[in-house]
Amino acid sequence: MAQATARHILVDSEAKCEELKKAIEGGQDFAEVAKQHSSCPSGRNGGDLGSFGPGQMVPEFDKAVFSGELNTVIGPIQTQFGYHLLEVTSRS
């Protein structure tokens with residue numbers, strides 16, 4: 001079964017998500033941005049979600065994790081929880 005590891009940042013608006021994405025693409029550290037801005041408890045760990053398989057996350061998130069480019073900031077991705085920036089760190 002496929003497995004992925006990823007980290008994410010969860011915020012409440014698409015505009016904030018875009019702002020944070022630009023900051024990361026401009027050189028800010030993803031983990032530091034997650035610690036400062038993510039409303040998800042994973043933010044304390046730099047947004048690290050650990051390892052998971054298909055179907056363990058909400059569909060919008062799942063699709064991005066298992067089809068998106070590795071080590072690239074993906075998003076904003078809207079789910080029922082808010083807006084996410086996502087970085088897939090490995091996939092097998």
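Only this structure's heavy atoms are used, side chains among them; waters, hydrogens and symmetry mates stay out. The first residue of the sequence shown is numbered 1, and numbering continues consecutively from there. Here the structure is a predicted model, which is why all the values come from computation and not from measurement.
Pro54 places a side-chain heavy atom less than 4.5 Å from the side chain of Asp62. The shortest side-chain heavy-atom distance between Glu87 and Thr89 falls under the 4.5 Å cut-off. Two residues are said to be in side-chain contact when any heavy atoms from C-beta on lie closer than 4.5 Å; Ile9 and Val11 meet this criterion.
In terms of modelled atom types and a separation under 3.5 Å, the side chain of Arg91 and the main chain of Val65 share a donor-acceptor contact. Judged by distance alone, the side chain of Gln36 and the main-chain N or O of Val33 form no donor-acceptor pair under 3.5 Å. Looking only at distances, no side-chain donor or acceptor of Ser42 sits under 3.5 Å from a matching main-chain atom of Leu49.
Interatomic distance, CG of Leu86 versus CG of Leu10, reported as 11.5 Å (0.5 Å rounding). Annotation: the span from Phe66 atom CZ to Phe61 atom CZ amounts to 10.0 Å, rounded to 0.5 Å. The OG1 atom of Thr5 lies 8.5 Å from the CG atom of Leu70; values are rounded to the nearest 0.5 Å. Note that CG of Asp12 is 12.5 Å distant from NE2 of His37, once rounded to the nearest 0.5 Å.
Residue-environment remark: CD (Glu25) exceeds the threshold of 12 foreign heavy atoms within 6.0 Å.
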Under 3.5 Å, which donor-acceptor pairs link side chains of residues 74-85 to any protein atom two or more places apart or in another chain?
residue: Gln78; atom: NE2; partner: Tyr83; partner atom: OH; Å: 3.3
residue: Thr79; atom: OG1; partner: Phe81; partner atom: N; Å: 3.1
residue: Thr79; atom: OG1; partner: His84; partner atom: NE2; Å: 2.8
residue: His84; atom: ND1; partner: His8; partner atom: ND1; Å: 3.0

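In this structure, the salt bridge (Lys or Arg N to Asp or Glu O under 4.0 Å) partners of Glu32, at least two apart in sequence or on a different chain, are Lys35.
For residues 44-54, the set of pairs meeting the side chain to side chain donor-acceptor pair (under 3.5 Å) definition, not counting sequence neighbours, comprises Gln3-Ser51.
A salt bridge is defined here as a Lys NZ or Arg NE, NH1 or NH2 lying under 4.0 Å from an Asp or Glu carboxylate O, and Lys16 with Glu19 meets this definition.
The shortest non-hydrogen separation linking Ser38 to Gly43 is CB-CA, 4.0 Å.
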